[in-house]
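Reading through the structure tokens given below for one structure.
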Amino acid sequence: MTEVPRASLRRIWRWAVLVAVGGFLFGYDTGVISGALLYITPDFRLSAAQQGSVVSVLLLGAMAGALLAGRVADRIGRRATFGLEGAVFIVGTAIAVFAVDFPMLLVARLVLGLAVGSASATVPVYLSELSPTEIRGRVLTLNQLLITIGILIAYFVNFAFSSGGIWRGMFAVGVLPALLMVLAAAFLLPESPEWLGTHGQLDKARALVASLTNEATADQLIEQRRRRRQQLAAERPAQRGWQLLRTAPVRPALVVGLTLAAVQQFGGINTIIYYAPTIMKETGLTAGNSILYSVAIGLINLVMTVVAIKLIDRVGRRVLLLCSLTGMTVTMALLGLAFVAGLDSVLTLVFMVAYIALFAGGMGPVFWVLIGEIFPPSARAVGSSASTTVNWSSNFVVSLVFLPVANLIGQGQTFWIFALICAVAVWFVGRYVPETRDRDAAQVDEALQRRFGRRSRRAAGEQPA
């Protein structure tokens with residue numbers, strides 16, 4: 001969308017904040033278990049294996065949710081899918097609050113995982129399709145911002161309920177944003193104009209665009225959409241959904257999306273956060289319990305995500321990615337050295353905090369921005385779904401193998417493996433990832449195809465409606 005008046009931009013920002021509530025619950029439900037488990041364990045007499053299952057089953061549910069989300073969002077629409085995700089969040093939270101034993105708690109976490117994974121796939125797509133080009137980067141970064149806020153709020157809620165050990169209350173707070181998702185989908189949010197146009201509802205798409213811009217702009221963009229649909233129908237009449245991802249023109253976007261999804265996890269972020277409280281205790285700089293240590297890490301994540309929001313539409317996605325990954329490579333290598341050489345614990349803490357800040361200021365949010373931008377509109381939902389499925393799968397694999405590998409070869413050497421992955425990612429981004437700032441879908445596709453040595457599909461009319 002172009003020529004968007006200031007009043008309409010304010011409407012779009014309000015919609016974007018509501019959609020990003022899905023990201024908030026993504027963060028909240030992945031963060032709340034860290035405090036709740038301290039009190040669930042004695043109540044249900046959980047073994048170490050059962051504790052690990054309560055944490056990791058959410059990742060398995062998230063994989064399934066992300067895998068299904070694209071097709072559901074393409075079939076029933078972005079708005080309806082968003083509301084459905086809110087309802088699933090409510091169901092999962094209710095089961096957790098009223099859980100009476102370990103199996104019931106496991107089911108609750110699995111259901112919450114389905115909602116988390118689905119939201120992680122659909123929120124970037126929904127935000128992308130509601131946003132005009134000039135603010136799309138900042139709008140998409142809202143997702144990561146709300147994820148970090150969700151994690152931080154979860155830590156504060158955990159701390160607030162910790163004195164009484166009220167773990168059911170920790171889970172119950174999540175009902176409020178989930179209810180907001182359902183109500184927003186029912187009464188406050190519009191359907192994506194891109195989805196409306198793709199599904200033949202051009203009059204509704206035109207009315208929405210006109211309400212934000214003007215009649216002439218709406219006519220121009222809807223005509224572009226009509227021509228594109230006709231061209232795509234003539235060129236690929238039988239290709240829909242997941243089939244599109246296997247086509248040669250979409251394959252470069254898929255390679256970028258899946259690679260960045262894996263790198264975001266195999267770069268080591270979750271293992272660093274896992275070790276943060278232990279490292280902080282070793283420094284002797286901070287007193288208190290592990291929940292307070294987690295709050296400090298959450299604040300660093302939040303502050304640097306805000307910095308990324310300020311920069312992403314100014315300096316671009318590609319620059320942030322390259323700077324972030326380069327810094328992550330250096331700090332991860334230094335962190336590995338600190339463990340291997342037994343360096344001062346304060347220095348170790350500095351390397352760890354620097355790594356987290358560099359991740360949160362680049363790789364963390366930019367991945368979620370790019371998966372909403374690099375895929376052509378016809379494959380955006382399933383492309384985002386595939387990318388987030390790989391992201392959650394990588395998260396699960398890293399969580400599963402980190403401790404055995406660290407025990408086998410050493411913590412420092414394991415961190416060096418993460419550093420090598422970050423270094424390879426710097427090369428990959430430099431070679432294959434185009435800049436998407438201030439570019440519409442056709443221009444992004446043209447740059448992407450050029451980097452992969454392919455002919456552009458711009459003639460096919462892949463432009464946003």
Check: To the nearest 0.5 Å, what is the distance between CD1 (Ile76) and CZ (Arg71)?
Finding: 13.0 Å
Notebook entry, point to check: Under 3.5 Å, is there a donor-acceptor pair between the side chain of Thr93 and the main chain of Gly174?
Noted result: no
Next item on the list: Mind checking the CZ-CG spacing from Phe26 to Asn143? Nearest 0.5 Å is all I need.
Entry: 7.5 Å
Note to self: Once rounded to the nearest 0.5 Å, what's the spacing between atom CG of Leu258 and atom CG of Asn391?
What the structure shows: 10.5 Å
Note to self: Quick one: does any side-chain atom of Gln449 pair with a main-chain N or O of Pro249 as donor and acceptor, under 3.5 Å?
What the structure shows: yes
Notebook entry, point to check: Can you tell me how far the CD1 atom of Ile147 sits from the CG atom of Leu302, to the nearest 0.5 Å?
Noted result: 12.5 Å
Checklist line | Phe266/Ile417 under side chain to side chain contact (heavy atoms under 4.5 Å, CB included): CA gap, chis, key distance, verdict | finding: CA-CA 9 Å; Phe266 282 102; Ile417 293 175; over 6 Å; no
Next item on the list: Could you tell me whether the side chain of Ser324 and the main chain of Met363 form a donor-acceptor pair under 3.5 Å?
Entry: yes
Next item on the list: Would you indicate whether the side-chain heavy atoms of Arg138 and Ile135 approach each other to under 4.5 Å?
Entry: yes
Note to self: Using ring centroids (six-membered ring only for Trp), state whether Phe415 and Phe339 fall under 6.0 Å.
What the structure shows: yes
Next item on the list: Would you check if Leu358 and Thr331 make a side-chain contact, meaning some heavy-atom pair closer than 4.5 Å?
Entry: yes
Note to self: Can you give me the closest heavy-atom contact between Leu343 and Leu347, atom names plus distance?
What the structure shows: CD1-CD2, 4.1 Å
Margin query: Tell me if a side-chain donor or acceptor on Ser162 pairs with a main-chain N or O of Phe159 at a distance below 3.5 Å.
Written below: yes
Item checked: Under 3.5 Å donor-acceptor, Ser128 side chain and Pro124 backbone -> no
Notebook entry, point to check: Closest approach of Ala447 and Pro434, non-hydrogen atoms and distance?
Noted result: CB-CB, 3.7 Å
Checklist line | Nearest non-hydrogen partners of Ala108 and Ala96, listed with the distance | finding: CB-N, 3.4 Å
Next item on the list: Please check if the side chain of Thr148 supplies one atom and the backbone of Leu145 the other of a donor-acceptor pair under 3.5 Å.
Entry: yes
Item checked: With Phe428 via ring pair (Phe, Tyr, Trp, His ring centres under 6.0 Å) - residues at least two apart -> Tyr432
Notebook entry, point to check: Ile12 versus Pro132: any side-chain heavy-atom pair under 4.5 Å?
Noted result: yes
Margin query: Please determine whether side chain to side chain contact (heavy atoms under 4.5 Å, CB included) holds for the pair Leu321 and Leu260, giving the CA-CA distance in whole Å, both sets of side-chain angles, and the decisive distance to 0.1 Å.
Written below: CA-CA 10 Å; Leu321 261 187; Leu260 293 181; 4.3 Å; yes
Checklist line | salt bridge (charged side-chain N to carboxylate O under 4.0 Å, His left out): pairs with one or both residues in residues 400-428, sequence neighbours excluded | finding: none
Notebook entry, point to check: Parallel, tilted or perpendicular: which describes the rings of Phe359 and Tyr355, with under 30° parallel and over 60° perpendicular?
Noted result: parallel
Check: Is there side-chain contact between Val250 and Thr247, with at least one heavy-atom pair below 4.5 Å?
Finding: yes
Next item on the list: Kindly indicate whether the side chain of Ile33, heavy atoms from C-beta on, has any atom under 4.5 Å from the side chain of Phe171.
Entry: yes
Notebook entry, point to check: Just how far is it from atom CG of Leu59 to atom OG1 of Thr30, taken to the nearest 0.5 Å?
Noted result: 9.0 Å
Item checked: Ser393 vs Phe396 side-chain heavy atoms within contact, under 4.5 Å -> no
Next item on the list: Please work out which of the three classes, parallel, tilted or perpendicular, describes the rings of Tyr126 and Phe82, given edges at 30° and 60°.
Entry: perpendicular
Margin query: I'd like to know if Glu129 pairs up with Arg78 as an ion pair, taking the criterion as any Lys NZ or Arg NE/NH1/NH2 lying under 4.0 Å from an Asp or Glu carboxylate oxygen.
Written below: yes
Checklist line | Which atom of Gln50 lies closest to which atom of Leu46, heavy atoms considered | finding: OE1-CA, 3.2 Å
Note to self: Any non-hydrogen side-chain atom of Leu58 less than 4.5 Å from a side-chain atom of Leu110?
What the structure shows: no
Check: Quick one: are Leu448 and Val433 in side-chain contact, heavy atoms under 4.5 Å?
Finding: no
Note to self: Show the nearest heavy-atom pair for residues Gly86 and Met181, with the distance to one decimal.
What the structure shows: N-CE, 3.7 Å
Item checked: Donor-acceptor pair, side chain of Thr388 and main chain of Ser385, under 3.5 angstrom -> yes
Margin query: For a quick test of reading the model, state the closest non-hydrogen atom pair linking Trp416 to Leu337 and the distance between them.
Written below: NE1-N, 3.4 Å
Item checked: Worked check of side chain to side chain contact (heavy atoms under 4.5 Å, CB included) between Val256 and Phe452 -> CA-CA 10 Å; Val256 170; Phe452 277 80; 3.9 Å; yes
Margin query: Would you say Ser118 and Glu85 are linked by a side-chain donor-acceptor pair, where the criterion is simply a distance under 3.5 Å?
Written below: yes
Margin query: Tell me which pairs pass salt bridge (charged side-chain N to carboxylate O under 4.0 Å, His left out) where either residue lies in residues 359-377, with sequence neighbours left out.
Written below: Arg136-Glu373, Arg317-Glu373
Checklist line | Side chain Arg439, main chain Glu435, donor-acceptor under 3.5 Å | finding: yes
Item checked: side chain to side chain contact (heavy atoms under 4.5 Å, CB included) between Leu152 and Asn301, intermediate numbers included -> CA-CA 9 Å; Leu152 185 59; Asn301 260 319; over 6 Å; no
Next item on the list: For the pair Trp195 (side chain) and Asp74 (backbone), establish whether a donor and an acceptor sit closer than 3.5 Å, ignoring hydrogens and angles.
Entry: yes
Checklist line | Point-to-point distance, once rounded to the nearest 0.5 Å, from CD of Gln264 to SG of Cys422 | finding: 11.0 Å
Check: Is atom CZ of Arg75 surrounded by more than 12 heavy atoms (other residues, nucleotides or ligands) closer than 6.0 Å?
Finding: no
Next item on the list: Please check if the side chain of Arg451 supplies one atom and the backbone of Glu446 the other of a donor-acceptor pair under 3.5 Å.
Entry: no
